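Notes follow once the structure below has been shown.
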Number of protein chains: 2
Amino acid sequence: MKKKDLDERKKKVLQAIVEEYINTAEPVSSGSITKGHGLDYSSATIRNDMAQLENIGFLDKPHTSAGRVPSAEGYRYYVNELLKDDNLTLEEIKYIQYKLKVKVNEIEDLTKVATTTLSEITHYTTVAVGPKADKQIIEEIKFVSLGQRMLMVVIVTDTGLVKETIIKFDEDITESQVDTLNNLFNTRLRGKPLSKIDKPMADYIFSEVHYSIGIMKAIIEQINRIVEEENNNIFLEGAKKSFDLPEFKSMKVAKNFVNLLDTKDEMLEIFNSGDAEDINVFIGDDDENSNLKDFSIITFKHTIGDKDLGTIGIIGPKRMDYAKVISVMKYISKKLNEDNNKKEGM
Amino acid sequence: MKKKDLDERKKKVLQAIVEEYINTAEPVSSGSITKGHGLDYSSATIRNDMAQLENIGFLDKPHTSAGRVPSAEGYRYYVNELLKDDNLTLEEIKYIQYKLKVKVNEIEDLTKVATTTLSEITHYTTVAVGPKADKQIIEEIKFVSLGQRMLMVVIVTDTGLVKETIIKFDEDITESQVDTLNNLFNTRLRGKPLSKIDKPMADYIFSEVHYSIGIMKAIIEQINRIVEEENNNIFLEGAKKSFDLPEFKSMKVAKNFVNLLDTKDEMLEIFNSGDAEDINVFIGDDDENSNLKDFSIITFKHTIGDKDLGTIGIIGPKRMDYAKVISVMKYISKKLNEDNNKKEGM
DNA sequence: TTTAGCAATCATACATAAAGAGTGCTAAAG
DNA sequence: CTTTAGCACTCTTTATGTATGATTGCTAAA
C-alpha cells in the first residue's frame, strides 16, 4: 500500500489517534476510538486498521499492550493531509487583536508582542529570532565621538534594526575627523546591504582618508565584526510553560530542551531554514540522536511587504496541538502584515 | 549552646560534612569522616557532635538511617566562618588571565567574557545583569532622522551603555528641527543621571521649542519609557550545565530552576540587592516555598572605580562549591578592576 | 571525654504474584 | 469481502513481603 492513498476510514483512524494523543498524552487504544471522530466501528476493526497504519510507519507501539502513538511520519501526514486549521474561538481572535493593537515604535517591540501573545494563547514556549543581517539595507551609519579616544558607531537598517558598537583607539580623534567619517561612510554605504566591508571598498576608504591607517583599520574591523554576529537577538518567552507538559516528566526530554535553548545552534538552523511564504512545521525524527528528537518546531517569517523582520516560532513536544498552533500563527501572521502595511502607507 | 561558639572539633565536623556533601551529593555518615579533614575520632564521637549540630539547626537528617546534610543555616555558618577561599590552581589563574586579556570595545562585551569564563571554570550557570539605569550619567543624546516621520534616539552613558529607540510621528520632521532637538537635549541632559525627564524639565523643553507639542510629547514619553525599562539586558551562560548536577534529577528542582530563569523577578531581586563592595552569598531558605528554595546565588558587582557596570553571578544548587566559586569570583573581580583601571588611564 | 558494642530504624533492592490493559489472531456473521 | 465477537497471549503496573545494608542513638565501659 502506498502511503498517500489511505482509505477514508484509515485517515479517520489516524486523525483520531493523533488528536486523542494530543489531548491525553497517553497511547491510544483501539477501544477508545470506536465512537466519535466520525467513526463507528468495533474495536477489532479499528485494530486491523491500526496494524496497517503501523506497517506503513505512521504509528508506533511503545510495547505490546499499550495502544498506539503517532510516529513522526504519522504527524507529518496528519499535518499535511488531515489538518483542519480554523479553530480559533472568538475570544482568542479578540485577544490577539487587542494585543497587536498596542502602539509600538520599534519593529522589535512588535515582534515581542506577537511572540508573547502567541505563547499566551498556545501555552507553548515561543521564540523570536531577528532577521538575517545581510538581507537588510543600511539606512544610516553614524559616528559619535565619546571622549577623545572612543567612537560609537550606530548602523540603522531599513527594517529598523539598530546595530551599535564602541571602538577605542590609541590616538586622539578630532571632531572634524568624525565628520569626515560620517560623510564618507554614509555616501558609500547607505542603501547598500548590511554585509561585511569587502576589500575593494576598504581600499577605497583608505584612499580617501588622509589620517591614521590604524584608526581606519580598527573601524572597519569592528564594523565587520558586528555585522557578522547576526541573530544574537533571540527572544524567548514562556520556557517554564513547557515544564508543565507531561513529556517533561522525563529528565531526558527536559535536558534536551534546555540544551536546545542554551546552545541555540540547532534551533537557529531550523528557524532560518524555513520557507518565507509559509508556516513551516518541523517534526523531530523518531530515530535521530539529536536534541530535537522529541520536539516539533513551527515557524513563520514576520514580514512587511518583502522586508524580512525575523522569524517567530514555537517549540513544543511532538504531541503538539498542530491545528491550534497553525491557526493562531496564520491569524497573527496575517494581522501583523495587514496592520503594518496600513502604518507603512503613511 | 550558642550557635557561634562551636568548639574546634564541631567546627571541623561541620566543615567536613559540608565539604563531603559538596563533593558527593550524598548524605554524610558519621563513619565517613572519622579520618581526614583534620579529624581522627571514632564514629561514635562524630555521631555525638553531629547530633548536637543537628540540635542547633546546622544539619538536617533526610531520615533515620541516612547520614546528615547541611541545612541552609549550616551552609551560612560554613561560608561565614569556616571557608578557606584560596584554592585556584595555576592553570585556572592562567586561563582567567588569558580570557580576560581579550580586546573588547564595549564594557558589555567584557562582562560577557567574564561571565562565560566564570561558567567555564566553575561549571555552574552564570548570569550577568546590566547596571541600574539611574546610576549612570548621560554622556551623549543623539537624534537621527529616519525618513520624514521617524526619528531614532540614541542615549550613551558614561559606563558605555547604549539605549536607543525609534519614534514615529503623524507629521513630518525637518532636518533643522532635528538639529534643534540635538542641541536642546544635549545641553540640558548631558552630564545628568539617566532618569526620567521630570515635569520641570519637560516644561522647560516645551517652552524652548516652537513647533508641534505632539512631537515633543512623543519624544519625552518614549525617552522615559526606555529609561524605565532597565535590566532587560540579562545574559545567561551555561544553563545546560546545571542539568548535569545530581539535584536536577528531581523534576521539582529542575522546574524551579527554569521558573527562576524564565520569570527573572526573584533572581533580579537578589542580583540587585547585593552589597557593592563584596561577594554576596545568598543561600535559599530550607522551609520557604519559593523557587529559590533549592538554590544558592553568589554575586559580585562589576565596577571600574566607582562606576557600576552591572552584576555578575552564579546560580547553583545549595550544595555549591562555595570555596571554589568565591575564589574565582574574587580573582575575576580583582582582575576586571585592575585591567580596566589601566585602560582607563589612557 | 572518648569509644566499643549493639539494638532499632528506615531506605533500597529484589522477587513474586496478581491485576489490568490492549493486542493479534481465528472463526463466525453480515 | 468486510466486519465483528471471542479469547489467548503479552507486557506493564501495582502491591506485597522479605532480605539487606547503612546509619543512628543509646548504654556502658575504658
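Just so you know, these numbers come straight off a predicted model, no measurement behind them. Below, chain A is the first sequence line, B the second, and so on; all start at residue 1.
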TODO: Report the nucleotide, chosen from dA4(C), dT4(D), dT24(D), that has the shortest atom-to-atom distance to any side-chain atom of Ser42(B).
DONE: dA4(C)
TODO: Measure the distance from CD on Glu26(B) to C1' on dT23(D) and round it to the nearest whole Å.
DONE: 14 Å
TODO: Could you check how far CG of Asn55(A) sits from C1' of dT23(C), rounded to whole Å?
DONE: 14 Å
- [ ] Calculate, to the nearest 0.5 Å, the distance between atoms NZ and NZ belonging to Lys240(A) and Lys255(B) respectively.
- [x] 10.5 Å
Task: Contact under 4.0 Å: Lys61(A) side-chain N or O vs dG24(C) OP1/OP2 - done: yes
TODO: May I ask you to say what Thr45(A) touches in the nucleic acid, namely base, sugar-phosphate or nothing, with a heavy-atom cut-off under 4.0 Å?
DONE: base
TODO: Look at the side chain of His63(A) and decide which nucleotide, out of dG22(C), dT4(D), dC11(D), has an atom nearest to it.
DONE: dC11(D)
Open item on the list: I'd like to know if the side chain of Thr263(B) reaches the main chain of Leu260(B), judged simply by a donor and an acceptor atom lying under 3.5 Å from each other, with no hydrogens or angles considered.
Closed with: no
TODO: Starting at atom OH of Tyr41(B), determine the distance to atom C1' of dA4(C), rounded to an integer number of angstrom.
DONE: 17 Å
- [ ] Let me know the distance between CD1 of Ile46(A) and P of dG24(C), rounded to the nearest Å.
- [x] 13 Å
Open item on the list: What is the separation between atom CE on Met50(B) and atom P on dC26(D), rounded to the nearest whole Å?
Closed with: 15 Å
Open item on the list: Mind checking if Ser43(B) touches a base, just sugar-phosphate, or nothing, with heavy atoms under 4.0 Å?
Closed with: nothing
TODO: Let me know, please, whether Arg68(A) or Asp40(B) comes out on the 5' side of the other along DNA chain C by nearest nucleotide.
DONE: Asp40(B)
Task: Earlier contact from the 5' end, DNA chain D, for Thr64(A) and Asn48(A) - done: Asn48(A)
TODO: Could you check which nucleotide pairs with dA30(D) in any of the strands shown, counting Watson-Crick or G-U wobble with both distances under 3.5 Å?
DONE: dT1(C)
- [ ] Write down the distance between CD (Gln52(A)) and C1' (dC25(C)), rounded to a whole number of angstrom.
- [x] 14 Å
Task: Between C1' of dT2(C) and CD of Glu8(B), the distance in whole Å - done: 18 Å
Open item on the list: Which label fits Phe257(A) and Phe243(A): parallel for a plane angle under 30°, tilted from 30 to 60°, or perpendicular past 60°?
Closed with: perpendicular
Open item on the list: Can you confirm whether more than 12 heavy atoms, excluding those of Asn55(B), are under 6.0 Å from its CG atom?
Closed with: yes
Task: Length of the CD1-P vector between Ile17(B) and dT23(D), whole Å - done: 13 Å
Open item on the list: Nearest to the Ser65(A) side chain among dT24(D), dA21(C), dT3(C), which nucleotide is it?
Closed with: dA21(C)
TODO: Answer yes or no: does a side-chain N or O of Arg9(B) lie under 4.0 Å from OP1 or OP2 of dT2(C)?
DONE: yes
- [ ] Could you work out which one of dT24(D), dG6(D), dC10(C) sits closest to the side chain of Arg47(A)?
- [x] dG6(D)
Task: Atom CG of Asp275(B) with >12 non-hydrogen neighbours under 6.0 angstrom - done: yes
Task: Side chain of Glu54(B) - closest among dT23(D), dC11(D), dG25(D) - done: dG25(D)
